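Each chain gets a letter, A, B and so on, in the order its sequence line appears, and its residues count up from 1. Remember, it's a predicted structure, so these values are computed and weren't measured experimentally. What you see below is based on every heavy atom in this structure, not just the backbone, and it leaves out hydrogens, waters and symmetry mates.
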2 protein chains.
Amino acid sequence: MQTECICLGLLTTGPKSGYEIKQFLSGPLNQIMSLSFGTIYPTLNKMLTDELVSCKQKAQDKKPDKKIYSITKKGQKWFEQNLLESSSEWLRSGNYGDQVKSEFLMLILFSEYLPKETTNLVINERLLFAKQILALLQYDGPVTQTGAQMRNTPQGSFLRGLMTNIISSGIDYIEKNRNKLGK
Amino acid sequence: MQTECICLGLLTTGPKSGYEIKQFLSGPLNQIMSLSFGTIYPTLNKMLTDELVSCKQKAQDKKPDKKIYSITKKGQKWFEQNLLESSSEWLRSGNYGDQVKSEFLMLILFSEYLPKETTNLVINERLLFAKQILALLQYDGPVTQTGAQMRNTPQGSFLRGLMTNIISSGIDYIEKNRNKLGK
DNA sequence: ATATATATATATCTTATTGATATATATATT
DNA sequence: AATATATATATCAATAAGATATATATATAT
């Protein structure tokens, strides 16, 4: 149900192929949402049957057809209806720094069973990884037209700002308190 | 593979039933990791076959038997080995405020299609929800013996501190910048 | 006093989702 | 020239979530 809604939401900014939806969900947005091809393609097909999207097939010689999906009027209506209905649910089920699946933090919880040098190494690499993501979020160079949604809209700026804020304060905390983890 | 590791990690602090594992993962730790019964029970059974855990069945009249699982020596070895091997993977796959599945933030991204009053209401409720979780994290009253792992160990304090930090800065950002979302 | 809700406790089943793999070609890099 | 990466779609097995069924005890509200 959500998968449909997310794909439709991304299609509101213009027609896209399944590959482009995946691409978009692999940019800065990847920090808050991801979908695999195994989810995207079946969902697109299902929505085609339900007439929530239409599909224009571009023939390409020797390559498989490029299938460009557009949201239909029925789809737009369904999307807005569904967004409204699920808003109170999405509010709680989501996570942005208050509900956060984290294998890294589980590793820290269990770190007493890890060689102390490994724990140190893991934290170093984690900080590096976090800083790479920060850089990706703050990057202001050219983007594909798909990524413009994260740039030029107030919603996109808000999200980028929030994520930057959360990640930075996480990095700060780890740097200041890592010494308190048992040695 | 991870499910096994997480269950074993929780069993290192003492024998537990499947229900108690679920309980523990529904406390403050729920913010970073959760498992459903549909995952816990089959995993426990699989690990019993593999002799990573042992099981003491307590007969109870008229109630189903209480099955208490303990980590075996083989299990402890497997756990430590696996923790070490997967550490470099868990480092990246995890999310704590830098990679964060968030239906709430997707809702914000799509909020232009939501009635403006709804967006406002959603943000208000979200802030309330976040503050409830903060209170839960900072709560210092009595806990079940299972929860002690999050209290009395340096790892537990570190996690609680990090989560508190991340959530607080998220709340701050939202309060200061919500006016910038289109009206 | 009684009804209702919540907590304890295990288990199964359908559905959703991931992650891996297969296929095919163009383009960029070494 | 060789290799790696990007474009592009699709399927499938393995994993995991979420719902539901079952059974009882206890706490709370009417």
Sugar-phosphate, base or nothing in reach of Gly38(A), heavy atoms under 4.0 Å: base
Whole-Å distance separating the CG atom of Leu44(B) from the C1' atom of dT12(C): 15 Å
For dT30(D), the Watson-Crick or wobble counterpart (both distances under 3.5 Å): dA1(C)
Contact under 4.0 Å: Ser36(A) side-chain N or O vs dT18(C) OP1/OP2: yes
Euclidean distance, atom CZ of residue Phe37(A) to atom C1' of dA22(C) [Å, nearest integer]: 13 Å
Selection from dA9(C), dA16(D), dA10(D) that lies nearest to any side-chain heavy atom of Tyr41(B): dA9(C)
Rounded distance (Å) that lies between atom P of dG19(C) and atom NZ of Lys22(A): 8 Å
d(NZ, Lys66(B); C1', dT24(D)) in whole Å: 14 Å
Under 4.0 angstrom between Ser17(A) side-chain N/O and dT7(D) OP1 or OP2: no
Pair Phe79(A) and Phe110(B), ring centroids less than 6.0 Å apart: yes
Nearest-angstrom distance from the residue atom OH of Tyr69(A) to C1' of dA10(D): 10 Å
Among dG19(C), dT9(D), dA17(D), the nucleotide that comes nearest once only the side chain of Leu35(B) is considered: dA17(D)
side-chain N/O Thr39(A) vs dA16(C) OP1/OP2, d < 4.0 Å: no
Atom pair distance, as rounded to whole Å: CD in Glu20(A) and P in dA6(D): 16 Å
side-chain contact (heavy atoms from CB on, under 4.5 Å) evaluation trace for Asn177(A) with Asn165(B): CA-CA 12 Å; Asn177(A) 295 281; Asn165(B) 185 276; over 6 Å; no
Over-ring placement of Lys180(B) relative to Phe158(A), 6.0 Å and 45° cut-offs: no
Minimum-distance nucleotide to Tyr19(A) side chain [options: dT17(C), dA8(D), dA16(D)]: dA8(D)
Test side-chain contact (heavy atoms from CB on, under 4.5 Å) applied to Ile171(A) and Leu134(A), step by step: CA-CA 10 Å; Ile171(A) 290 173; Leu134(A) 256 190; 3.8 Å; yes
Ile6(B) CD1 - dA16(D) P separation (whole Å): 9 Å
Base-pairing assignment for dT9(D) (Watson-Crick or G-U wobble, both under 3.5 Å): dA22(C)
Distance, rounded to the nearest Å, where Ile40(B) contributes CD1 and dT15(D) contributes P: 17 Å
Spacing of Tyr69(A) atom OH and Leu8(A) atom CG [to the nearest 0.5 Å]: 13.0 Å
Among dA16(D), dT10(C), dT18(C), the one nearest Gln2(B) by side-chain distance: dA16(D)
